[in-house]
Student: 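The structure that follows is given in the form of structure tokens.
Both counts, for ligands and for their atoms, begin at 1 and track the order of listing. Positions are given from 1 along the sequence.
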Amino acid sequence: MAAGAIWDDEYESMPRAEIEQLQLERLQATVNRAARNVAFYGQQFEELSIYPEDIQSLADLQRLPFTEKEDLRDGYPYGFFAVPLREVVRIHQSAGTTGRPTVVGYSANDLRHWTDLVARNLVAAGVTKDDVVQIFFGYGVFTAGFGFHYGAESIGASVIPVSHGDARRQVEMMRDYRTTVIIGTPYYALRIAAAAEEMAVDPHSLSLRLGLFGAEVWEERVRQEIESSLLIEAFDVYGLAEIGGPGVSYECECRCGLHISEDQYLVEVVDPQTGEPVPPGQEGELVFTTLNKEAMPLLRFRSGDISRLDLEPCACGRTLARMSRVLRHSDDRLIARGMNIFPEQVAEALTPIPGLGREFQLVLDRTAPLDRLEVHIEVAQDSAPDNVGGLIKMEQQVEEQLQSLLGMAVAVKLVQPGSIDTTQGRSRIIDATQDD
Ligand code: ZN
């Protein structure tokens, strides 16, 4: 299989009317199962006097309430499982940025489908069985490492499960094993590129050709930076731990939006404030309903991810709807002293300041009488001041910048390059008040 190949022609290129028919059949079965086997849904249906038979069209789905992350946390650990535990063969969890974790269970069939979705994703980016795939997503309870691992094995590629860690070691392995494909978070890829430069490893001497990146919001300029520093083509991938991990949507060779596996997931776009559907093409929050999950079906799960949909068929031959790359998370914000603070705002304010690296973290402490916000920022590898006086001056300069942007006192702490770990994605915010 080569570039332009499609892993599952039947489902990836199905005419829209057929996809919608398939979705309706699977939706009805899912609603039935959820109402019967998950107490949370059974109770909800009863309270609202809704019967599974009321779902006669895809639009009828809007009669059902949303499932929120908070609901999943309340169901910790097994409250959302629709099968007995003996039929669950894998358990993952998502840490989230604050609060209790959410748990995801998989039946043997769920794992098979998951592997297949990731295979679609890899093939769409041009990965073949001749590739050597180095995965630096974290393994463990986080879904991305294992998700890509089994997907890549299933298409016959040679998989190196490095997980994350020392970036220099990643470079050595890339060089020695002649890795052709790398998979992980985009900012860690940049760290690897920086490590290669430090080690004087010329990217031309490596065998890399493709990279698949996700689990955090990244922009086009980051893609260009990864591509030019590692000499690869970079693809965006999207997954959501709560509905099953990576493979939810993926870019094809056109890189004009991410194809959603609509035979497995029904997606809606709603206004994040009102919850009302927004017209096609308009920005809103993605809401997912699983269509084929045995162990943990979810109805109208609010992702918190802001994107927009394009239903037009794609030049690649796939008919699956495309979502724009995630623009931001509606819930990825800190509320400090009654104000919303978005990490993107902070990133923007930091960009023009020379000597700063890319990684930063917002650490909020609510135990003081007034919320206290600390911003930890990595200094750049080579352009940072090399004396304490210089560093203190720089901290003050950044503090002033952030204070005027956020309108509140901020303590800035500059830290060594590589000391902030964002390889699990979405960890720009730490609520130091909670002890999870
Ligand atoms: Zn396409």
Student: Looking at E262, E12, E312, E251, which one forms a salt bridge (Lys or Arg N to Asp or Glu O under 4.0 Å) with R318?
Tutor: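 Between R318 and the candidates, salt bridge (Lys or Arg N to Asp or Glu O under 4.0 Å) is satisfied uniquely by E12.
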Student: With a cut-off of 2.8 Å, which protein N/O/S atoms are close to the Zn ion (ligand 1), if we only count those under it?
Tutor: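 Listed by chain and number, the atoms are C252 SG, H259 NE2, C314 SG, C316 SG.
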Student: Rounded at 0.5 Å granularity, tell me how far CG in L64 sits from OH in Y41.
Tutor: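 The CG atom of L64 sits 9.0 Å away from the OH atom of Y41.
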Student: I want to know whether Y106 and H92 have ring centres closer than 6.0 Å.
Tutor: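 Yes; H92 has its ring centre under 6.0 Å from that of Y106.
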Student: Between W114 and P246 (side chain of the first, backbone of the second, donor and acceptor by atom type, cut-off under 3.5 Å), is there such a pair?
Tutor: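 Yes; at least one donor-acceptor contact below 3.5 Å.
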Student: Are there over 12 heavy-atom neighbours, none belonging to E46, within less than 6.0 Å of that residue's CD?
Tutor: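 It does not: E46 CD has 12 such atoms or fewer within range.
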Student: Just wondering, are more than 12 heavy atoms of other shown residues or ligands nearer than 6.0 Å to CZ in F66?
Tutor: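 Buried by this count: over 12 neighbours within 6.0 Å.
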